[in-house]
Amino acid sequence: MKRYKITSNNAIDKTRIRILQIIFSVVFISIFIFLFKLQVLHNENITNAMMQNKNSVSYTTSAQRGNIYFTDKTNALIPVAINKSYKTIAVDPKTLQRDNEVDIAAKLLSPIINISVKDLLNIFNKTDSQYEVLVKKTDDEKLVSKVKALKIKNDKGILEPIKGISIVEEFERYYPFDNLACHIIGFVAKNDTSDKKAGVYGLEKYYNDALDGTEGVFYGYKDVAGRLIRSLASQEKMPINGDSLITTIDKNIQYQAENEIKNLVESRIASSGLILVMDPISGKMLAIAGYPDYNLNKFFEVKDYSIYRNLAVEDPLEMGSVVKAITMSAAIDTNSVTPKTTYFDKGYETINKRTIRNYRNEVYGTATMTKVLEKSINTGAIFAEKQTGHKIFYDYLTRFKFNGITGIDLPNEKKGNLQNLEKKDSQDVDFATASYGHGILTTPLSVLRAYATIANNGYLVNPYIVETTKSPDGIYGAVNRQEIIPEQVVKRETAKTITDMLISVVEHGYGSNAKIKGYTMAGKTGTADIAVDGKYTNDTIQSFAGFFPAYKPKVAMIVMLNKPAVGAAASSSVTYGFHNMAQFIIDYYNIKPDEPINIKK
C-alpha cells in the first residue's frame with residue numbers, strides 16, 4: 001500500500017506567509033534604496049533640475065519672529081513686541097478667465113473692497129499675470145469674512161468659492177503699547193541691501209539673530225493651475241521660529257518713568273531728557289525712559305532720525321558734578337582725605353593761567369569734604385584730586401570704566417573719553433576740570449553704574465536687560481552673557497563712607513528736593529556747561545544720580561535733562577523728577593521706611 005504524506009493547511013499557510021514576507025522585504029529595500037538615491041545622492045541634481053524647469057517653484061517660508069516681553073513685580077510676562085496677523089487678498093486672473101468668472105467676480109467684490117468694477121475688470125482681464133494684490137495687509141476681519149463668504153454657482157448649480165480669489169495670512173511686527181520703551185525695543189525694517197527685514201535699534205537689533213529664526217525653503221513643481229505639487233521629487237525645509245526675549249524691564253516702572261521725563265522736559269523746556277532705573281546689586285535694568293520718543297508702529301513717520309538714538313548709551317557727555325562722588329571715592333579709598341578733612345575755599349582756583357570758579361561764584365571759606373559734596377564746590381573737588389594725585393585719580397576713573405563701555409545688551413553703545421588726561425602734554429588744569437566732570441566724556445548709564453557700584457559695597461555692577469530667552473517650544477534658555485568675576489573698585493569701607501556723604505547731600509545740600517521722608521536717600525547733583533566748538537555756552541546738562549534706601553539699596557537711578565530753559569541748576573529741576581520716581585517705586589514695591597523715628601515724650 002502506498003503511503004501518502006499529508007501536509008496540513010497550517011504548514012501551507014506558514015510557507016505562503018514566509019514567501020510574502022520575503023517579497024515585501026525585497027520590495028521595501030528596493031524602494032528604500034531608490035528613495036535614498038533620489039533624496040540624498042541625487043539631491044543636488046534634482047534641485048538644479050527643478051530650478052531650470054519652467055514649471056518648478058522655489059520659495060521661502062518666513063519664520064515667526066520671537067516676541068519681546070517686559071515683566072512686573074509679580075514676574076508676569078507682558079508682550080511688548082509681537083507678530084500681528086494681517087491678510088492679503090489677491091487674485092489669479094488666469095483662473096478667473098479659465099472659469100469664466102471675470103464679470104461676476106468683479107461685481108461681487110467691488111462693494112466689499114471698495115474698488116470699482118471697471119478697475120477690477122482691468123485687473124481680472126490681464127493675460128500675463130497669475131497674481132495681483134487687491135487688498136494688502138488688512139486686519140479688517142469683517143472685510144476678510146465677506147470675501148471668504150463669496151460663492152458662485154458652478155455648472156451643476158452648486159455654490160462654491162471663487163477659485164481665483166485667495167486670502168494669504170502674513171505676519172508683521174506689532175508693538176501693542178506704541179511709544180512705550182521705543183528706545184529699548186527698537187523696530188524691524190527692510191535692509192538697505194535686500195528686501196529681508198531685520199531689527200533696527202534696540203533689542204530688535206542687538207538680538208536680531210535670536211529673534212529672527214530660520215526661514216523655510218520649498219523646491220518643487222506646480223501644476224497647470226499653478227498649485228504646488230508635493231511629491232517624492234519635491235523638497236521642503238520647514239521654518240524654525242525665533243526665540244522670545246524675557247527682559248528685566250518692569251512695564252509699570254517704565255511707564256511711570258516715561259510720563260515723568262516727558263513732563264519734566266516739557267515743563268523745563270528742555271531739548272531732551274532721560275530716566276534710568278537699575279537694581280544696583282544685580283545690574284538689572286528696570287527702566288530706560290527717553291524723551292522725545294516715537295511710535296514704534298509708525299517709525300517711518302519720524303523726520304528727525306536723532307530721535308531713534310538712545311541717550312543713555314549713544315552720546316557720551318560732560319556729565320558735570322555727579323562725577324565729584326567718584327573723585328571723592330578715589331581720595332577716600334587712598335586715604336588722601338577723610339570726610340572731615342578741611343581746606344580753605346576762596347571761591348576760585350587759578351591753574352595753568354585758567355581761573356575756575358564755584359557755582360554762582362560762591363565762597364565757602366573753611367569747608368569739609370562732606371560739605372564739598374553737599375554744596376558741589378568745584379574748588380573742593382580740585383583739592384581732593386590734588387591730594388590723590390593725577391595718576392591715581394586717572395586710575396580710579398578707569399576702575400569705574402569711564403573710558404570704556406558698560407557692556408549692556410543694547411546696540412551702538414559708545415565708549416567714554418578720557419583723552420584729555422591721557423595726552424603727553426596733559427596739564428594740571430585738565431585734571432582739575434575732570435575732578436568735577438568737565439573735559440571728560442561719559443554716558444549717563446556709565447555714571448549710573450558708578451553710583452550702583454558704590455551702593456553695591458564697592459563691587460562693579462554690570463547692567464543688562466534680557467534675563468532669559470524662550471524657545472518656540474517653551475524652553476527657557478540662558479543668555480550668552482559673559483561670566484564676569486565681581487571686580488572690587490573701592491573698599492567696602494570706602495563705599496560706606498561715600499554713601500554717608502551722599503546722604504548728607506540729600507539731607508543738607510543741593511539734593512534736598514529729592515528727599516522722601518522716612519527713607520535714607522543718597523545722591524548727587526550735576527550741572528555741566530555744554531561746549532560747542534571748544535567754547536562753553538550757557539546751555540547746561542542737569543542730572544541727579546543716587547540710590548535708596550541708602551544702606552539696603554533697592555534702586556539706583558539717574559535723571560537727566562539736556563538744555564533746559566527753566567531752572568538754572570539740577571537742584572531745582574531733576575531732583576524733583578528723582579523724588580517723584582522714588583515715591584512711585586517705594587509705593588510700588590511697598591519698601592519699608594528705614595530712617596529712625598524720633599518719638600517725642
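In this text, all values refer to a predicted model and were calculated from it rather than measured experimentally. Heads up: numbering here begins at 1 and tracks the sequence.
Between Arg309 and Asp315, at least one side-chain N (NZ, or NE/NH1/NH2) sits under 4.0 Å from a carboxylate O, which counts as a salt bridge. Between Glu487 and Arg399 there is no salt bridge, since none of the side-chain N atoms of the basic residue sits less than 4.0 Å from a carboxylate O of the acidic one. Using a 4.0 Å cut-off between charged nitrogen and carboxylate oxygen, Asp333 and Lys491 count as a salt-bridge pair. Between Glu362 and Lys375 there is no salt bridge, since none of the side-chain N atoms of the basic residue sits less than 4.0 Å from a carboxylate O of the acidic one.
At a cut-off of 3.5 Å, with distance as the only test, no side-chain donor of Tyr207 or Asp243 sits close to an acceptor on the other residue. Counted by atom type alone, Asp345 and Thr379 present one or more donor-acceptor pairs between their side chains at under 3.5 Å. For the residue pair Glu413/Thr443, the side-chain donor-acceptor check at 3.5 Å is not satisfied.
Aromatic rings of Tyr308 and Phe187 (six-membered ring for Trp) have centroids within the 6.0 Å cut-off, being under it.
For residues 525-552, every residue pair satisfying the ring pair (Phe, Tyr, Trp, His ring centres under 6.0 Å) rule, not counting sequence neighbours, is listed here: His438-Tyr536, Phe544-Phe578. Residues in residues 335-369 take part in these ring pair (Phe, Tyr, Trp, His ring centres under 6.0 Å) pairs, two or more places apart or across chains: Tyr343-Phe383. Sorted by first and then second residue, the ring pair (Phe, Tyr, Trp, His ring centres under 6.0 Å) pairs involving residues 387-408 (not counting sequence neighbours) are His390-Phe431. Each salt bridge (charged side-chain N to carboxylate O under 4.0 Å, His left out) pair with one or both residues in residues 278-292, not counting sequence neighbours, appears once here: Lys284-Glu467. Note on residues 316-325: no pairs pass salt bridge (charged side-chain N to carboxylate O under 4.0 Å, His left out), not counting sequence neighbours.
Figure legend: Lys524 and Tyr451 shown without cation-pi pairing, the cationic atom not lying both under 6.0 angstrom from the six-membered ring centre and within 45 degrees of its axis.
Among residues two or more places apart in sequence or in another chain, the side chain to side chain donor-acceptor pair (under 3.5 Å) test is passed with Tyr294 by none.
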